[in-house]
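Worth knowing before you read on, the calculation uses all heavy atoms, side chains too, and leaves out hydrogens, waters and symmetry mates. These numbers come from a predicted model, not from an experiment.
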Amino acid sequence: MFFLCDATLMPTLKPFALATFSAILSSTALPSMAATFNIDAAQSHNHWQSMALTLGSEQHFRAVETHSYSDATLSLNATQGVCDLPWLEMRVTLAEQQGESRAVNLVPTRIRVDDTPIIDTMAEFITERGDDGFYAHFYLSDLQTLMAQMSQGEQLFIGFDQQDSEPWYMTFSLDGADDAIARIQRLCGRADDQ
């Protein structure tokens, strides 16, 4: 394996571990409310989808991979008005809705597309009140290069450190990522032009 990783509060994608992680998450908080966005213009691209998300005048655009795991998604997101500042996010479904919004942990993470060089970064684990998932937001200094690699690659690998435990690895398909990413960039650009 190509990762050496660790994290303090990291589940594996096994139901008993998710239940344990869910119990751990139920203690401390920043109050907030998970917002429900309307999904518009959804389109499939093999293992990926692209769509617009709207709530009032707020508009986001998402390329998402839902194929590799039944309880986890990887998405690339862009926001109208700041299309040049996209972000990468992973969501894992937990056993129950979260009672509070908070940052749970900051975890050393490694990302790699196929055989390209490993990107050493950090991921922040976040829960949202009323949402039955936790989110990993990745801090990436050169997302444009990663996006180009995703558009040409076959698989994206993520490894999360777990301190004294074995690293937690995930692999997402990139089949259709090129079309999905290109489409959300077009949609976001058009929204900016309106």
Side-chain angles (χ1 to χ4, degrees), residues 30-69 72-93 98 101-103 106-107 109-114 116-117 119-158 170 172-194:
L30 301 167
S32 167
M33 213 42 184
T36 302
F37 285 81
N38 297 312
I39 298 174
D40 299 309
Q43 188 172 321
S44 293
H45 312 275
N46 297 326
H47 294 163
W48 283 69
Q49 295 177 332
S50 61
M51 62 197 67
L53 305 169
T54 57
L55 182 62
S57 61
E58 189 177 350
Q59 195 164 26
H60 303 279
F61 303 91
R62 175 171 292 161
V64 62
E65 197 271 55
T66 59
H67 172 81
S68 297
Y69 299 93
T73 61
L74 179 73
S75 64
L76 184 71
N77 303 273
T79 299
Q80 180 181 4
V82 285
C83 297
D84 58 335
L85 297 172
W87 73 94
L88 187 68
E89 176 179 270
M90 185 186 75
R91 181 186 189 276
V92 176
T93 302
Q98 299 305 295
S101 297
R102 68 186 186 109
L106 191 61
V107 179
T109 304
R110 295 191 178 182
I111 299 174
R112 183 180 204 175
V113 172
D114 298 337
T116 62
I119 300 168
D120 289 301
T121 188
M122 299 295 285
E124 186 172 26
F125 297 160
I126 297 168
T127 61
E128 294 288 336
R129 183 177 179 202
D131 193 322
D132 68 348
F134 89 87
Y135 297 84
H137 293 264
F138 300 95
Y139 292 100
L140 296 160
S141 60
D142 188 5
L143 185 55
Q144 295 302 322
T145 297
L146 180 61
M147 288 168 56
Q149 292 171 350
M150 289 171 66
S151 293
Q152 298 169 7
E154 294 180 13
Q155 292 182 312
L156 183 139
F157 305 97
I158 303 174
M170 299 188 75
F172 290 93
S173 169
L174 294 174
D175 184 10
D178 52 346
D179 292 336
I181 292 169
R183 183 166 184 258
I184 67 162
Q185 289 176 314
R186 285 193 308 273
L187 291 173
C188 196
R190 285 184 202 146
D192 276 354
D193 292 341
Q194 293 177 355

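In summary, of the residues considered (Leu146, Asp120, Thr116), a side chain to side chain contact (heavy atoms under 4.5 Å, CB included) with Ile111 occurs for Leu146 alone. Between Ile184 and the options Cys83, Ser50, Ser75, Pro86, a side chain to side chain contact (heavy atoms under 4.5 Å, CB included) holds for only Ser50.
Scanning both residues, Phe61 and Leu187, for their nearest heavy atoms gives CD2-CB, 3.6 Å. Heavy-atom minimum distance, Ala123 versus Thr109: CB-OG1, 3.3 Å. For the residue pair Gln149 and Val113, the shortest heavy atom distance occurs at O-CG1, 3.4 Å. Residues Asp131 and Arg91 approach most closely at OD1-NH2, 2.6 Å, considering heavy atoms. For the residue pair Gly133 and Gln98, the shortest heavy atom distance occurs at O-CG, 4.1 Å.
A distance of 10.5 Å separates CE in Met147 from CG in Asp142, rounded to the nearest 0.5 Å. Distance check, rounded to the nearest 0.5 Å: SG of Cys188 to CZ of Arg186 gives 12.5 Å. Interatomic distance, CG of Leu140 versus OG1 of Thr145, reported as 10.5 Å (0.5 Å rounding). For the atom pair CG of Leu53 and CD of Glu58, the computed distance is 9.5 Å after rounding to the nearest 0.5 Å. Taken from CZ in Arg183 to CH2 in Trp48, the straight-line distance is 14.5 Å, to the nearest 0.5 Å. Summarising the geometry, atom CD belonging to Glu65 is positioned 5.5 Å from atom OG belonging to Ser173; distances are rounded to the nearest 0.5 Å.
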Hey, mind stepping through His47 and Ser68 against side chain to side chain contact (heavy atoms under 4.5 Å, CB included) and telling me if it holds? CA-CA 8 Å; His47 294 163; Ser68 297; 6.0 Å; no

Take Gln80 and Asp192 through the test side chain to side chain contact (heavy atoms under 4.5 Å, CB included) and record every step on the way to the result. CA-CA 6 Å; Gln80 180 181 4; Asp192 276 354; 3.5 Å; yes

Walk me through whether Leu106 and Met122 qualify under side chain to side chain contact (heavy atoms under 4.5 Å, CB included). CA-CA 7 Å; Leu106 191 61; Met122 299 295 285; 3.6 Å; yes

Checking Phe125 against Val107 for the side chain to side chain contact (heavy atoms under 4.5 Å, CB included) test, could you report, in this order, the C-alpha distance in whole Å, the side-chain angles of both residues, the deciding distance, and whether it holds? CA-CA 8 Å; Phe125 297 160; Val107 179; 3.3 Å; yes

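Looking at heavy atoms from C-beta onward, Val64 lies out of side-chain contact with Leu74 at the 4.5 angstrom threshold. With a 4.5 Å cut-off on side-chain heavy atoms, Gln155 and Asp114 count as touching. Looking at heavy atoms from C-beta onward, Thr79 lies out of side-chain contact with Leu85 at the 4.5 angstrom threshold. A 4.5 Å side-chain heavy-atom check between Arg190 and Asp193 finds every atom pair outside the cut-off. The closest side-chain heavy-atom distance from His60 to Asn77 is not below 4.5 Å. Within the 4.5 Å cutoff, no side-chain heavy atoms of Ile119 are placed close to those of Phe138.
Using a distance-only test at 3.5 Å, with no hydrogens or angles considered, no donor-acceptor pair links the side chain of Asp40 to the main chain of Ala52. One N or O on the side chain of Ser101 and one on the backbone of Arg129 form a donor-acceptor pair closer than 3.5 Å.
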